[in-house]
Amino acid sequence: MLDIKFIRENKELVKKGCRNKGVEVDIDRIIELDKKRREMLTELEKLRAEKNKASKIIASVKSQQEKKKIISEMKKIDKKEDALKEKFNKIDKELNELLLQVPNLPLESVPVGKDESENVVLREVGKKPEFNFPPRDYLELAQELDLIDIKRAAKVAGTRFGFLKKEAVLLEFALINFAFDQLIQEGFIPLVTPVMIKPEMMRGMGYVERGRDEIYYIEKDNLYLAGTTEQIIGAMHAGEIFEEKQLPIRYVGFSTWFRREAGSYGRETWGIFRVHQFDGVEMFSFAHPEKSVYEHQFFLSLEERLMKLLKIPYRVVEICTGDLGDPAAAKYDIEAWMPSQGRWRETHSTSNCTDFQARRLNIRYKDKKSNKLKFVHTLNGTAFAIGRTLIAIIENYQQKDGSIKVPSVLRKYLNFSVIKKRKR
RNA sequence: GGAAGGGUGCCGGAGUGGACUAACGGGACGGCCUGGAGAGCCGUGCCUCCUUUGUGGGGCUCGUGGGUUCGAAUCCCACCCCUUCCGCCA
């Protein structure tokens, strides 16, 4: 949510931001409703002030006659108030609904563009592996090595699910351990989180207005399944107030993520690249507003460090305005090199959501200078989305004989250094 | 699923129709004191909004939304959430 005062004073800027994000919201209507609302509020408050005054007089006046007279006057004012309040509520409600539709504005630094085709590649890092044989597809390799079972997953749960098996399972745990080790060392607080979230919390995180179709909903219990750990950790401190010196508060959380993948029918339906359910390790930070741009770079640098340590070639992509979600003011993706496809595929994402989520969820800190409560900034970043990271490892570490080497940083978590075919 | 209790400001916590303008305590902030700090003392409109800006004036605020009443933290209704006990269960 944006500050209504900000919208009032920066109408054109807000319109431009929405336009650049490719989102349609009637900002003029918001301004109009806001004006009306304030006018009515002023009147309403006048009536209430009158009532309050009269109440005090009634309590102190001795003469019954006088009392009756004032009371009958008050009844008239009451009627007026009721009528006005009804109108006011209607406008207030419409305004609120509209305000929730307004996305966070992109930071100045974000490249303007209409969709993902206009994202900007910032850099490529790492050496692409050179094979003296045609690199094979991860799924083929994984099935040969009995690491992934799609058929049975389809039988059990339907399309877009997978079983991880054998070394793939151990690899997942190794990745989780590796990520936690790295991030705890940086002062992140480790978490294992719930995966279900109340609608008002999900709304607060800003993923309901546009994106509802992407979320699983459990009607019987009125709960959503989280699409990322971010949604859970962000909501964790809803309504709370931090001391300024506590900031930033950094978490690293593990949980399972759920995606309906509505609208992606037919795209990558086979395998585990795009599935309804996968595990993830995520970073989240509640940061001082003046430090959030720095914090965002910090998150990006940590994601890059993880990829560098795994020795997986990747590139960093700066997301353009048209490809930002509602809550994000700025976002970078990391895309890993997939040799069999000969292209880069997204494995990480980090967003600076500035005060957008904090305002909706009322997460504040006490500002020392002004002694006022202000909204924190929230940031999130993928440490690992397990499925896709496994894919990147399998593809980049494949050997001619169809075996897969284990990245050296993961070896201390495992008792094997290569995954190979054997009789089992 | 059954039963009971509860949700009060920055925090703890009292308060069952008009003196609640929310007690009391803690914290925070400002001041006094001090070489400086601590302690002590004094003060505070401590959230949020409208209006005005020299400042003021007013509203809202006791989980949320309705209702009763001239007047609600307090009474009534609905909903949300939390805790405890019983049952079921990894």
Side-chain angles (χ1 to χ4, degrees), chain A residues 1-9 30-97 99-100 192-204 208 217-224 232 235-247 249 255-256 286 288 355 358-376:
Chain A
M1 185 137 68
L2 298 186
D3 186 358
I4 179 66
K5 275 186 209 150
F6 180 86
I7 298 178
R8 211 182 284 154
E9 286 158 20
I30 289 179
I31 302 278
E32 187 193 330
L33 286 169
D34 170 53
K35 196 170 165 228
K36 258 197 215 165
R37 197 193 89 99
R38 274 151 58 219
E39 282 165 9
M40 291 174 108
L41 186 59
T42 305
E43 263 193 57
L44 209 51
E45 287 184 353
K46 268 187 207 156
L47 291 177
R48 283 181 184 155
E50 244 180 282
K51 272 175 68 176
N52 288 343
K53 226 190 264 174
S55 276
K56 266 181 210 162
I57 295 170
I58 289 167
S60 63
V61 150
K62 300 248 162 64
S63 143
Q64 285 302 317
Q65 214 182 352
E66 189 128 345
K67 221 178 232 186
K68 270 186 189 158
K69 201 177 126 201
I70 302 172
I71 288 174
S72 75
E73 292 271 321
M74 283 306 101
K75 279 190 171 166
K76 272 187 230 160
I77 291 186
D78 242 7
K79 282 229 172 83
K80 255 171 133 182
E81 193 202 347
D82 281 350
L84 195 59
K85 197 176 164 195
E86 201 178 320
K87 277 196 224 163
F88 175 85
N89 283 345
K90 223 175 120 192
I91 286 180
D92 192 53
K93 199 178 157 205
E94 190 189 341
L95 178 63
N96 255 315
E97 296 283 316
L99 276 175
L100 284 168
V192 174
T193 73
V195 296
M196 294 185 206
I197 177 168
K198 293 179 196 169
E200 66 264 30
M201 290 296 164
M202 194 58 135
R203 190 163 221 219
V208 176
Y217 176 60
I218 302 168
E219 194 164 6
K220 202 169 177 185
D221 297 290
N222 194 28
L223 288 166
Y224 289 116
I232 306 288
M236 188 178 167
H237 288 291
E240 296 186 22
I241 293 164
F242 298 118
E243 292 297 321
E244 187 169 10
K245 60 171 185 277
Q246 286 179 273
L247 303 176
I249 297 177
S255 75
T256 303
F286 298 89
H288 193 285
D355 63 355
R359 176 170 284 111
R360 287 170 163 236
L361 290 171
N362 204 24
I363 308 170
R364 297 173 293 176
Y365 72 96
K366 190 149 203 176
D367 183 66
K368 268 273 179 211
K369 252 182 259 160
S370 62
N371 202 30
K372 291 245 156 147
L373 299 175
K374 294 189 173 175
F375 293 109
V376 300

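Each chain gets a letter, A, B and so on, in the order the sequences are listed, and its residues count up from 1. Computed from a prediction, not measured in an experiment: that's the story for all the values here.
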**Prompt:** Expressed in angstrom and rounded to an integer, what is the separation of A:N96 atom CG from B:U48 atom C1'?
**Reply:** 14 Å
**Request:** Calculate, to the nearest 0.5 Å, the distance between atoms OH and CD belonging to A:Y224 and A:E200 respectively.
**Result:** 10.0 Å
**Prompt:** Rounding to a whole Å, what distance do you find between A:E200:CD and B:C79:P?
**Reply:** 16 Å
**Request:** Would you mind reading off the distance between A:E240 atom CD and B:C11 atom C1', rounded to a whole angstrom?
**Result:** 13 Å
**Prompt:** When the ring planes of A:H237 and A:F242 are compared, do they come out parallel, tilted or perpendicular, using 30° and 60° as the limits?
**Reply:** perpendicular
**Request:** Using the C1' atoms only, state how far B:U8 lies from B:C60, rounded to an integer number of Å.
**Result:** 16 Å
**Prompt:** Under 4.0 angstrom, heavy atoms only, what part of the nucleic acid is A:K5 near: base, sugar-phosphate, or nothing?
**Reply:** sugar-phosphate
**Complete:** The nucleotide from B:A28, B:U51, B:G59 with an atom nearest the side chain of A:T42 is B:U51
**Asked** Which whole-number value in Å describes the distance from A:K85 NZ to B:G65 P?
**Response** 9 Å
**Prompt:** What are the two closest heavy atoms between A:S255 and A:V195, and how far apart are they?
**Reply:** CB-CG1, 4.1 Å
**Prompt:** If you measure from the C1' atom in B:G31 to the same atom in B:U83, how many Å do you get, rounded?
**Reply:** 43 Å
**Message:** Counting only Watson-Crick pairs (N1-N3 plus N6-O4 or O6-N4) and G-U wobbles (N1-O2, O6-N3), all under 3.5 Å, who is the partner of B:G71?
**Reply:** none
**Asked** Of all the choices, B:C47, B:G58, B:A28, which nucleotide is nearest to the side chain of A:K366 once you look at every atom?
**Response** B:A28
**Message:** Does this structure show an ion pair linking A:K372 with A:D367, if we count only N-O contacts that are shorter than 4.0 Å?
**Reply:** no
**Item:** Criterion side chain to side chain contact (heavy atoms under 4.5 Å, CB included) against A:E81, the qualifying member of A:E43, A:R48, A:E50
**Value:** A:R48
**Message:** Which nucleotide, if any, forms a Watson-Crick or G-U wobble pair with B:C41, using both distances under 3.5 Å?
**Reply:** B:G31
**Complete:** Of the listed B:G59, B:C47, B:U51, the closest approach to the A:L373 side chain comes from B:C47
**Message:** Rounding to an integer number of angstrom, what distance separates B:A22 and B:U74 when you compare their P atoms?
**Reply:** 15 Å
**Message:** Rounded to whole Å, how long is the line connecting atom CZ of A:R364 with atom P of B:C46?
**Reply:** 14 Å
**Asked** What is the base-pairing partner of B:G17, counting Watson-Crick and G-U wobble geometry with both distances under 3.5 Å?
**Response** none
**Asked** How many Å lie between CG on A:D3 and P on B:C49, as a whole number?
**Response** 8 Å
**A:R8 side chain near B:C50 phosphate (N/O to OP1/OP2, under 4.0 Å)** = yes
**Prompt:** Which whole number of Å gives the distance between the P atom of B:A4 and that of B:C77?
**Reply:** 14 Å
**Complete:** Whole-Å distance, A:M201 CE to B:C80 P, equals 15 Å
**Message:** From C-beta outward on A:E45, which listed nucleotide comes closest to its side chain: B:G59, B:C47, B:U51?
**Reply:** B:G59
**Item:** Separation between the C1' atoms of B:G56 and B:G65, rounded to whole Å
**Value:** 34 Å
**Fill in**
Paired to B:C60 by Watson-Crick or G-U wobble criteria (both distances under 3.5 Å) is none
**Asked** Can you tell me how far C1' in B:C75 sits from the matching atom in B:G59, rounded to whole Å?
**Response** 25 Å
**Prompt:** If we take the P atom in both B:U68 and B:C11, what is their distance in whole Å?
**Reply:** 33 Å
**Asked** Judged by atom type as modelled, is there a donor-acceptor pair below 3.5 Å linking the side chain of A:R360 to the main-chain atoms of A:R203?
**Response** yes
**Message:** Counting only side-chain nitrogens and oxygens, does A:N89 get under 4.0 Å of the OP1 or OP2 atom of B:G66?
**Reply:** yes
**Item:** Value in whole Å for how far the P atom of B:C10 lies from CD of A:Q246
**Value:** 16 Å
**Asked** Rounded to the nearest 0.5 Å, how far apart are CG of A:L373 and CZ of A:F375?
**Response** 9.0 Å
**Request:** Specify the residue among A:R38 and A:G239 whose closest nucleotide of RNA chain B lies further upstream toward the 5′ end.
**Result:** A:G239
**Request:** For B:G45 and B:A28, measure between their C1' atoms and round to the nearest Å.
**Result:** 15 Å
**Asked** OP1 or OP2 of B:G58 less than 4.0 angstrom from a side-chain nitrogen or oxygen of A:R48, does that happen here?
**Response** no
**Prompt:** Looking for any heavy atom pair under 4.0 Å, which part of the strands does A:K46 touch: base, sugar-phosphate only, or nothing?
**Reply:** nothing
**Prompt:** Which residue lies toward the 5' end of RNA chain B, A:L44 or A:L41, if each is placed at its nearest nucleotide?
**Reply:** A:L41
**Prompt:** What does B:G5 pair with, Watson-Crick or G-U, if both distances are under 3.5 Å?
**Reply:** B:C82
